[in-house]
Each structure stands twice: as C-alpha cells, then as structure tokens.
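See below for the structure under consideration.
Numbers for residues simply follow the sequence, beginning at 1.
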Amino acid sequence: MTEARPATTAVEPLEAFNSTDLDDLCDAAEAAIKGGGGFGWLSAPPRHIMEAYWKGVVLVPDRRIFVTRLDGTIAGSAILVRPPRNNEAQAFAAQMMSNFVAPWARGHGLAKQLVVAVEDAARAARYTILNLDVRDTQTAAIQLYESLGYVRWGTHPCYARVDDAVIPGHFYFKRLTPQDEAAR
C-alpha cells in the first residue's frame, strides 16, 4: 500500500500568465463562483469575459494579484489594491479584494496562506492598514479574517442582492504592524 503524498502549496504574485495560468485561474474562479464563493459575480460570465477581467487585473499598475497553487495549478487568488495616488490622506491604507479559493482546493490552508501573503506584501509596501469587505454569506471567509485579527468596523445592511434576497456585507480592517506579524 502506497501512502498518498501531501499536496504541495504555494502563494506567489502573478506578474504575467505562463502556459496554463490563465486557464487555471479562470477555472478556479468559475468553480468558486459556482460554489457560492464568488467575488461579485453570482454566475460565471462567458469565458472571454473572465479572461479579459484577469488580463486587465494584471495590467493595472495599482493592483497586484496573488495566486495560490495546489500541486502547481492555480487554485485561488486575492488582489492587493493600492490607494489612488491623488488620495494622500489615505495613502497609508491598501485594500484586499477578489479573494477566493476554488472548492476543490479547500482544506489545505491555502486561504490563510493567501491572506498572509497579501498582508506581507502590503507591509513591505509600507501600508499600515489593510481593508476588506465581505458578504455576510461568506461565513468561512469571515471566520478566517477574524481569526487573523481583522476587526469588523461596520455592516452595510443592503450590500448585495443574491437570488432576489438582499444580503448584508461586513467591512474589516487590520493594522499591519510588526507586532501583528510576530503574533503569527
């Protein structure tokens, strides 16, 4: 009897698409959307729209996409959004958005690795606050964020509409200090 080898995981910034990266990212995003863990989309758009979206994210200078891989295949992503250059008053705060892991890749710690990688990149870029928002229905994501020290500062009661139901959304922030990093 042979033992199953443990899955290999990795998180990395995606600067350009290599070989199957775009297909893998679209497949993972479509699976997450179908699994109810979408990031705005409630149903997967046509493939050419999804491809154009991801290509656009890679091109925008103030956005940095991070992907997580399971055995080399992209299984999820998160985007670090820098504040606009004309907003000096909030230049210390970045935002994390479009965070997901495909259902087939869950249970390997990828979501936590992804959030930590975005936090580390934000810290390295000298941001001291990381903001995010999440639908109330994303209970696993909410548990993860709260376990990592994110503070809920508000709730929007009419944040999203899903299947004709109005869903609340929650807003979180985390101070990115050396003490936060040491606590991990």
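In this structure, Pro168 and Thr155 approach most closely via the heavy-atom pair CB-CG2, 4.0 Å. Between Arg135 and Gly40, the closest heavy-atom pair is NH1-N, 4.3 Å. Taking every heavy atom of both residues into account, Arg82 and Pro61 meet most closely at NH1-O, 2.7 Å. Contact record, Met50 with Pro45: CE-CD, 3.7 Å, taken as the closest heavy-atom pair. Contact between Asp21 and Ile74 at its shortest, heavy atoms only, is O-CD1, 3.7 Å. Across every non-hydrogen atom of Glu15 and Pro13, the tightest pair is OE2-CB, 3.6 Å.
In this structure, the side chain of Ser43 does not engage the main chain of Lys34 through any donor-acceptor pair within 3.5 Å.
With no hydrogens or angles considered, a side-chain donor-acceptor pair links Thr9 and Gln113 at under 3.5 Å.
Connection of Val57 to Trp41 is established within a shared hydrophobic cluster, with ILVMFWY side chains joined at heavy-atom distances below 4.5 Å, either directly or through further cluster members. Leu14 is connected to Ile79 through a chain of hydrophobic side-chain contacts under 4.5 Å among Ile, Leu, Val, Met, Phe, Trp and Tyr, so both are in one cluster. Residue Leu144 is grouped with residue Val11 when hydrophobic side chains (ILVMFWY) are merged at heavy-atom distances under 4.5 angstrom, including chains of intermediate members. When hydrophobic clusters are built by joining Ile, Leu, Val, Met, Phe, Trp and Tyr residues whose side-chain heavy atoms come closer than 4.5 Å, directly or via intermediates, Val151 is not grouped with Leu132. Note: the hydrophobic cluster containing Ile142 also contains Leu130 (ILVMFWY, side chain heavy atoms under 4.5 Å, direct or indirect links).
Ion pairing between a basic and an acidic side chain is recognised when a charged N comes within 4.0 Å of a carboxylate O; Arg85 and Asp62 show such pairing.
To the nearest 0.5 Å, atoms CD1 (Ile65) and CD (Glu12) are separated by 11.0 Å. If you take CD1 on Ile129 and CG on Leu176, they are separated by 6.5 Å, rounding to the nearest 0.5 Å. Interatomic distance, Glu51 CD to Leu25 CG, rounded to the nearest 0.5 Å: 10.0 Å. One finds the CE atom of Met97 at 11.0 Å from the CG atom of Asn99 (value rounded to the nearest 0.5 Å). With rounding to the nearest 0.5 Å, the separation of NE2 in His108 from CG in Leu70 is 4.5 Å. With rounding to the nearest 0.5 Å, the separation of CG in Asp24 from OG in Ser19 is 7.5 Å.
Every side-chain contact (heavy atoms from CB on, under 4.5 Å) that Gln90 has, sequence neighbours left out, goes to Asn87. Qualifying side chain to side chain donor-acceptor pair (under 3.5 Å) partners for Arg126, counting only residues two or more places apart in sequence or in other chains: none.
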request  = Applying side chain to side chain contact (heavy atoms under 4.5 Å, CB included), run through Gln95 and Val118 and close with a yes or a no.
outcome  = CA-CA 10 Å; Gln95 181 175 359; Val118 171; over 6 Å; no
key: Residues Leu114, Phe66; criterion side chain to side chain contact (heavy atoms under 4.5 Å, CB included); working and verdict   = CA-CA 7 Å; Leu114 196 53; Phe66 291 80; 4.0 Å; yes
task = Would you sort out whether Met96 and Glu119 count as a side chain to side chain contact (heavy atoms under 4.5 Å, CB included), showing the intermediate values?
result = CA-CA 9 Å; Met96 180 170 40; Glu119 289 175 0; 5.8 Å; no
task = Could you walk me through whether His170 and Gln138 pass side chain to side chain contact (heavy atoms under 4.5 Å, CB included), step by step?
result = CA-CA 10 Å; His170 306 294; Gln138 305 297 313; over 6 Å; no
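Side chains of Phe171 and Asn131 form no contact here, defined as non-hydrogen atoms less than 4.5 Å apart. Annotation: side chain of Arg47 is in contact with side chain of Asp23 (closest heavy-atom distance under 4.5 Å).
In this structure, Tyr172 and Tyr145 have tilted ring planes: the angle between them lies in the 30° to 60° band. Ring-plane geometry between Phe100 and Trp54 is classed as tilted, the angle between the planes lying from 30 to 60 degrees on a 0 to 90 degree scale.
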